[in-house]
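Just so it is clear: chains get the letters A, B, ... in the order the sequence lines come, proteins before strands, and each one is counted from 1.
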Amino acid sequence: MKSVMLTASALAMAAMTAGVAQARDNIQISGSSTVLPYATIVAEAFGENFDFATPVVEGGGSGAGRKNMCQGVGENTIDIANSSSRIKQSDIDLCAANGVAEIMEVRFGYDGIVFASDIAGPDFAYTPAQWFNALAKDVVKDGAIVANPNKTWADVDAALPAQDILAFIPGTKHGTREVFDEKVIVQGCEDSGAYEAFVAASTAADDSAKADEAEDKCMALRTDGVSVDIDGDYTETLARIGANKNAIGVFGLSFYQNNSDKLKVATMSGVVPTVEAIASGDYPVSRPLFFYVKKAHFGVIPGLKEYVEFFVSDDMAGPDGPMAAYGLVSDPELAATQAAVAAETPMGPLE
Amino acid sequence: MTEISQQAEPPVKSLFESDLRTRRRNAAETRFRLYGMAAVAMGIFALIFLLVSVLGNGVSSFRQTSIELQVTLDEAVLDKTGSRDPEVMKKVTTIGYGKILDQALADTLAAHDIDVSALTPKQLSGMKSDEAPRRLRDLVLADPSLVGQTITFHALATSRIDGFEKGRVTMESAKLDSNISVEQLEVAQAMKDKGLLSMPFNWGFFTSADASELRPEAAGVGVAMLGSLYMMLIVLVLSLPIGVAASIYLEELAPQNRWTDIIEVNIANLAAVPAIVYGILALALFINFLGLPQSAPMVGGLVLTLMTLPTIIIATRAALKAVPPSIRDAALGVGASRMQTIFHHVLPLAMPGILTGTILGLARALGESAPLLLIGMVAFVKDYPSAPPAGLMEPASALPVQVYQWTQRADPAFVERASGAIIVLLVFLVAMNATAILLRRRFERRW
């Protein structure tokens with residue numbers, strides 16, 4: 001028994017020292033669950049065609065990935081953070097505090113956010129203003145600010161079907177929620193004239209404080225169970241719509257394309273969400289996708305530079321590549337990104 | 001008591017004639033019996049429902065549709081120099097092999113008089129899996145002498161064709177599905193009629209690694225099984241000696257005082273600590289402080305060791321307690337030392353109980369995914385880790401983690417995969433629990 005214990009502890013000690021000494025030969029990536037599926041597609045293709053190990057890709061969310069990357073430089077920290085929203089000043093500060101000086105920002109494509117309901121239900125054609133009037137806590141009715149009285153979509157706009165309002169929207173931890181708030185709710189708030197009413201009603205001291213307060217009021221969603229935050233993945237939203245046929249869910253375009261036999265997609269401002277409509281900018285609800293690379297790991301982690309170049313190459317991220325096949329949208333300025341990657345240009349300060 | 005004495009009971013006439021109180025008591029007992037039966041029935045119903053849904057979804061993942069193709073490995077494409085040197089031939093990527101397969105698919109269909117005029121070249125190419133070029137490339141690089149020959153190659157069919165064979169995809173759903181068309185399914189039906197499609201046992205499910213969203217048909221649990229195995233080895237090697245040593249000290253040697261009381265209470269509490277808490281501890285201690293790599297089975301094994309230890313200590317102490325004091329007294333009485341008593345007499349008698357507890361602890365650790373979330377084990381890992389000890393430091397996945405990941409994928413074909421992985425996990429768990437029960441039945445002594 002004694003010898004077993006000695007062996008065990010010796011093994012543990014050996015393993016720990018080995019971990020410090022051993023060089024890592026695979027790239028490690030973490031971050032956005034929106035980028036994750038595409039990053040795995042690239043990693044898979046990279047692993048089978050290059051002489052490097054297949055990168056290990058983790059999900060966990062954009063914010064978590066960026067924090068993880070900013071934990072420091074070294075082999076036990078990740079090399080790349082995938083992100084479905086732009087890096088924040090707080091992340092850059094955290095990076096700087098931990099010695100991660102140079103970060104490369106790579107924008108490789110766009111993701112469309114679509115509104116979809118059960119395949120057997122009626123067709124919907126939305127505008128952001130309708131979404132605002134359906135989901136906001138306070139809306140403007142007959143010139144006065146009132147608590148949202150709308151029960152069905154027909155209450156919001158007579159052109160919409162008389163179906164109870166029930167929306168499954170991404171929870172606040174998702175990068176998708178930011179886009180939803182900004183491009184749909186706040187946009188709808190401004191379009192419907194509620195923003196001006198909120199500014200006019202504000203009692204704040206100066207104009208900028210009034211604007212802030214009005215924006216906060218725009219983004220305040222009703223809490224009577226009509227708008228449901230989904231903290232899980234799109235699969236959960238899909239399952240909830242399966243159980244509740246009246247509901248409208250918010251999905252990524254790629255997820256919808258994989259499940260188009262169960263879901264019916266709605267138009268937004270008259271535009272059907274497609275890869276082409278998002279690439280041309282006609283479809284209003286889309287967002288850029290990024291990844292951030294720790295420059296200090298170039299030359300240390302084998303294959304890192306090659307992976308980044310492969311990720312943004314025309315074969316992968318071009319309009320006919322697997323990225324478009326998966327349902328993400330190729331960046332029209334991909335050539336500029338490729339040049340920046342080749343030159344290893346680190347990102348400047350945020351505007 | 002007062003109630004009974006106050007009530008004026010009618011005199012009991014006969015034992016065979018039950019009075020009101022007896023009838024009431026009997027009714028209460030019958031009702032209680034029914035409640036119990038309902039509770040058991042509910043449990044059984046839940047279990048049956050679970051098994052039916054998992055087996056119903058998952059059994060089909062053990063078979064996989066493939067297309068039989070006659071592939072001409074063209075030297076002009078695959079080995080321009082004619083050197084047959086794998087290092088040189090590596091320059092041809094899977095895109096090149098994909099084109100060869102597309103040609104082979106078109107030729108094979110033409111040879112069997114299957115009309116493909118309704119399909120665009122892209123749709124025709126989309127009937128085979130994206131994994132097929134990789135397999136062909138691996139095959140050719142492993143044996144360069146194949147170049148120039150025409151070989152029979154079983155290419156995986158895409159997940160939608162596979163779903164069509166398994167009844168998951170129908171002509172109706174294909175009309176609405178942007179990933180497959182009715183025309184493609186008609187060609188698939190024609191291929192099936194000509195015997196080109198087959199659905200053999202899916203060994204790849206056990207030997208391949210995870211696959212990306214574009215090729216669910218190629219995803220397997222190989223890396224996850226190996227990762228789980230590595231972690232279980234570490235848990236066993238570390239938690240058994242540490243747990244047994246701690247229990248022996250606490251049970252046999254330690255003085256009974258305030259300190260040992262505190263330790264005892266804490267061990268009992270630790271056994272109830274949620275698993276995710278251990279994950280946070282592991283991130284802080286093993287990765288940030290000790291600098292161990294992310295996603296490594298070593299770190300996963302260490303976390304699971306910490307998590308399993310309280311369970312093992314509690315089980316071991318119970319087993320030690322069950323050995324009657326007379327055994328110890330007899331050993332000490334004939335002059336054995338404390339240590340001889342423990343190692344020659346008490347421990348062997350307690351061993352079945354200890355092993356049972358350890359196996360149950362391992363089974364719990366095997367099914368645990370929460371503590372692995374924070375240490376980078378919930379990741380897309382495509383390469384097999386090498387043999388231990390070096391492999392313990394290389395990225396790997398784990399079975400429960402693989403299930404969790406597959407349930408989150410957009411492609412519905414992964415639902416089948418997830419259920420298949422659950423079946424594999426359940427088989428392991430049942431096997432481990434059965435071993436524990438066997439050990440207990442076979443070796444346990446009752447006093």
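In this structure, chain B has a heavy atom under 4.5 Å from the side chain of A:Ile119, while its backbone stays farther away. Looking at A:Gln71, the atoms closer than 4.5 Å to chain B (heavy atoms on both sides) all sit in the side chain, from C-beta outward. When heavy atoms are compared at a cutoff of 4.5 Å, B:Ala296 does not approach chain A at all. B:Arg409 touches chain A through its backbone: at least one of N, CA, C or O sits under 4.5 Å from a heavy atom, while the side chain does not. Using a 4.5 Å cut-off between heavy atoms, A:Tyr234 does not touch chain B at all. Heavy atoms of B:Thr407 lying under 4.5 Å from chain A belong exclusively to its backbone. Residue A:Gln28 touches chain B through its side chain alone, counting heavy-atom pairs closer than 4.5 Å. For B:Asp138, no part lies near chain A; criterion is any non-hydrogen pair under 4.5 Å. Only the side chain of A:Asp233 comes within less than 4.5 Å of a heavy atom of chain B; its backbone N, CA, C and O stay farther away. For A:Pro55, the part lying near chain B is the backbone, with the side chain staying farther off; criterion is any non-hydrogen pair under 4.5 Å. The contact between A:Lys262 and chain B is made entirely by side chain atoms (from C-beta outward), counting heavy-atom distances below 4.5 Å. Interface remark: B:Arg135 contributes no atoms to any contact with chain A (heavy atom separation under 4.5 Å). Proximity to chain A is absent for every atom of B:Leu374, based on heavy atoms less than 4.5 angstrom apart. Within the 4.5 angstrom heavy-atom criterion, only side-chain atoms of A:Thr235, from C-beta onward, approach chain B. In this structure, chain B has heavy atoms under 4.5 Å from both the backbone and the side chain of A:Asn49.
Proximity of a side-chain donor or acceptor of A:Ser260 to a complementary backbone N or O of B:Leu176 within less than 3.5 Å is detected. Although no hydrogens or angles enter the test, the distance criterion places a donor-acceptor pair under 3.5 Å between the side chain of A:Lys294 and the main chain of A:Ile78. Using a distance-only test at 3.5 Å, with no hydrogens or angles considered, a donor-acceptor pair links the side chain of B:Glu213 to the main chain of B:Ala410. Side-chain atoms of B:Glu131 do not come within 3.5 Å of backbone N or O of B:Ala218 as any donor-acceptor pair.
Here the closest heavy-atom approach between residue A:Ile113 and residue A:Tyr283 is recorded as O-OH, 2.7 Å.
Classification of B:Arg168 and B:Glu416 as a salt-bridged pair holds, one side-chain N sitting under 4.0 Å from a carboxylate O. Under the 4.0 Å criterion applied to side-chain N and carboxylate O atoms, A:Arg177 and A:Asp231 are not assigned as salt-bridge partners. Under a 4.0 Å N-O distance rule, the pair B:Arg215/A:Glu44 qualifies as a salt bridge.
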Next on the checklist: Show, in sequence, the C-alpha distance, side-chain angles and deciding distance for A:Tyr256 and A:Phe251, and conclude whether the ring pair (Phe, Tyr, Trp, His ring centres under 6.0 Å) test is met.
Outcome noted: CA-CA 6 Å; A:Tyr256 158 71; A:Phe251 297 95; 8.1 Å; no

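Per-residue counts of heavy-atom pairs under 4.5 Å with chain B were compared for A:Leu36, A:Asp51, A:Leu238, A:Thr77; the largest is that of A:Asp51. With respect to chain A, the highest number of heavy-atom pairs below 4.5 Å among B:Thr93, B:Thr94, B:Ile287, B:Asn288 belongs to B:Thr94. By number of non-hydrogen pairs under 4.5 angstrom with chain A, the leading residue of B:Val381, B:Asp210, B:Leu240, B:Asp411 is B:Asp411.
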Check residues 308-321 of chain A and write down every donor-acceptor pair under 3.5 Å in which the side-chain atom is one partner and the other belongs to a residue at least two apart or another chain.
unit_1   : atom_1 : unit_2   : atom_2 : d
A:Ser313 : OG     : A:Phe310 : O      : 2.7
A:Asp314 : OD1    : A:Gln338 : NE2    : 3.2

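Under 3.5 Å, the side chains of A:Ser84 and A:Ser62 contain a donor-acceptor pair of N or O atoms.
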